[in-house]
Amino acid sequence: MNQRPRITGLPECAVAVTALVAACGDPDARGVIEPPPDTTTTAVPSGFKACTGGMAGDFSCSGIDLMSRLTRAEMGNTEGNASDLWGWTDPETGIEWALVGHSQGTAFISLQDPARPVYAGILPLTEGAHPSLWRDIKVYGNHAFIVADGAGQHGMQVLDLTQLRSVSSPPATFSPTTTYHRIHSAHNIAINTETGFAYSVGGSGGEDTCGGGLHMIDIRTPSNPEFAGCFADESTGNRRTGYTHDAICIVYRGPDTDHRDREICFGSNETALSIADVTDKSNPAALASVSYPDIGYTHQGWLDEAHEYLYVNDEFDEFNLGKTRTLVWDVKDLDDPIVASEFEHNTAVSDHNLYVVGNLMYQSNYAAGLRILTISDRENPREIAFFDTEPGAADEPGFWGSWSNYPFFASGVIPVTSMGGGVLFVKSTN
């Protein structure tokens, strides 16, 4: 059974929940989550396990098979936890790669045979930085862009992913192609692959923290990132600095003709949803900032492909509501977004990262694992499949379990991280 991680070292000015997300100041001074033990090292061995009779090996499931998995130790994480992840498909070979963040760096895993994943190597954290619970990765132009929160002078690492083709004796240890140091620590990074701009958020330390809001970076030449500007809506965030916890930035092609073809960022800003026009990096403009009932902590969201609806998770509301909740925002009018509906899950766990592909939404909901919902009726999501990555974990709010997933591979293989268990590779049968 997975054990709940302990929260240690919390600043006195914060309650336990808000201390985890810098509501109390410098992320380097906030608490550290001690992850649960690596319980999967002695569980089901790597390899395919069909979901039959509601189980795939030791994992409860519905409509999702287990292809394989790697424990934390099997991907170079000898201490600490697994966290966020992203994916890259090699345009020359077609091989899909999972890029998995953990406390000691970023692991690169080949899925050429998803039933037998190969740990190719690690990009360690920046020299002089320190291990961190939070690591986030995005990809642009065959390069990975990596940030870490509460990690001291870490910066944004950039790695040319084409190096993965030439690893002959894995695991290799990689060095960054370059490191961008105008930020030190950052909670997350978003990339608009259409425009070639990255948006570091939740920054602390360095030349330009941008109040923890959008630190905009021109990455059109990936090996030479250049600062492009700041945006922070100071009406939002726990400290009213415009702190952004996560964001999605796109060229807007939705129904609001006033803003069509503009570069728009949707920020999850702790206390509100923030919408900004960042087309002109020297003069970005706030369009809207809106809160909602029973707010806990506006954490992360993702748009549908028509840019009409935004699906948002609130990481803390379950402590008060007693139910996992997904907020469905109608964003057809960018100046006046509204909560169109609230979907209540049949669980009570905290929700974390979610992504949308076509008519499906993929949620990593901590102790409840991966949840797949249909959004063919945009305002009325419905769960159609799940894979519980945390056998035996209690159905209650908390910050342990599945951190994130990557549902964008053409093969349909979905990497899913488990903080204590490493990374699992699953595939929907629906």
Check your understanding: Hey, are Glu263 and Asn192 close enough side-chain-wise for a donor-acceptor pair under 3.5 Å?
Key -> yes

Review point. Testing Leu159, Val158, Asp136 for side chain to side chain contact (heavy atoms under 4.5 Å, CB included) with Phe145, which one passes?
Key: Val158

**Study point:** Check against side chain to side chain donor-acceptor pair (under 3.5 Å), Ser103 and Asn81
**Key:** CA-CA 6 Å; Ser103 299; Asn81 64 277; 3.1 Å; yes

**Study point:** Glu207 atom CD, neighbour heavy-atom count above 12 within 6.0 Å
**Key:** yes

Exercise for review: Go through the structure and list residues passing salt bridge (charged side-chain N to carboxylate O under 4.0 Å, His left out) with Glu383, not counting sequence neighbours.
Suggested key: Arg371

Review point. Any chance the side chains of Arg135 and His154 put a donor and an acceptor closer than 3.5 Å?
Key: yes

Practice item. Check step by step if side chain to side chain donor-acceptor pair (under 3.5 Å) holds for Thr244 and Asn269. Key: CA-CA 4 Å; Thr244 298; Asn269 284 26; 3.0 Å; yes

Exercise for review: Using the test salt bridge (charged side-chain N to carboxylate O under 4.0 Å, His left out), find all partners of Asp280 that sit at least two apart in sequence or belong to another chain.
Suggested key: none

Exercise for review: Using the six-membered ring wherever Trp is involved, compare the ring planes of Trp302 and Tyr355 and label them parallel, tilted or perpendicular (cut-offs 30° and 60°).
Suggested key: perpendicular

Exercise for review: Classify the side-chain pair Ser404/Asp84 by whether it contains a donor and acceptor separated by less than 3.5 Å.
Suggested key: yes

Review point. Taking atom CZ of Arg382 as the centre, does the number of heavy atoms from other residues, nucleotides or ligands within less than 6.0 Å exceed 12?
Key: no

Practice item. Please work out whether the ring planes of Tyr366 and Phe399 are parallel, tilted or perpendicular, with thresholds of 30° and 60°. Key: perpendicular

Review point. Phe197 ring centre to Lys281 NZ or CZ under 6.0 Å, with the angle to the axis within 45°?
Key: yes

Check your understanding: Does NZ or CZ of Arg182 come closer than 6.0 Å to the centre of the six-membered ring of Phe227, within 45° of the ring's axis?
Key -> yes

Practice item. Determine, stepwise, if the pair His215 / Tyr180 fulfils ring pair (Phe, Tyr, Trp, His ring centres under 6.0 Å). Key: CA-CA 12 Å; His215 177 112; Tyr180 175 84; 5.6 Å; yes

Check your understanding: Between Tyr297 and His245, does the ring centre distance come in under 6.0 Å?
Key -> yes

Point to revise | With sequence neighbours excluded, residues passing side chain to side chain contact (heavy atoms under 4.5 Å, CB included) with Thr179 | key: Thr126, Gln157, Pro176, His181

Exercise for review: Using the side chain to side chain contact (heavy atoms under 4.5 Å, CB included) rule, take Trp86 and Phe408 through it: C-alpha gap first, then chi angles, then the decisive distance, then the call.
Suggested key: CA-CA 9 Å; Trp86 205 245; Phe408 303 105; 3.9 Å; yes

Check your understanding: Are Thr347 and Thr324 close enough that a side-chain donor and a side-chain acceptor fall under 3.5 Å?
Key -> yes

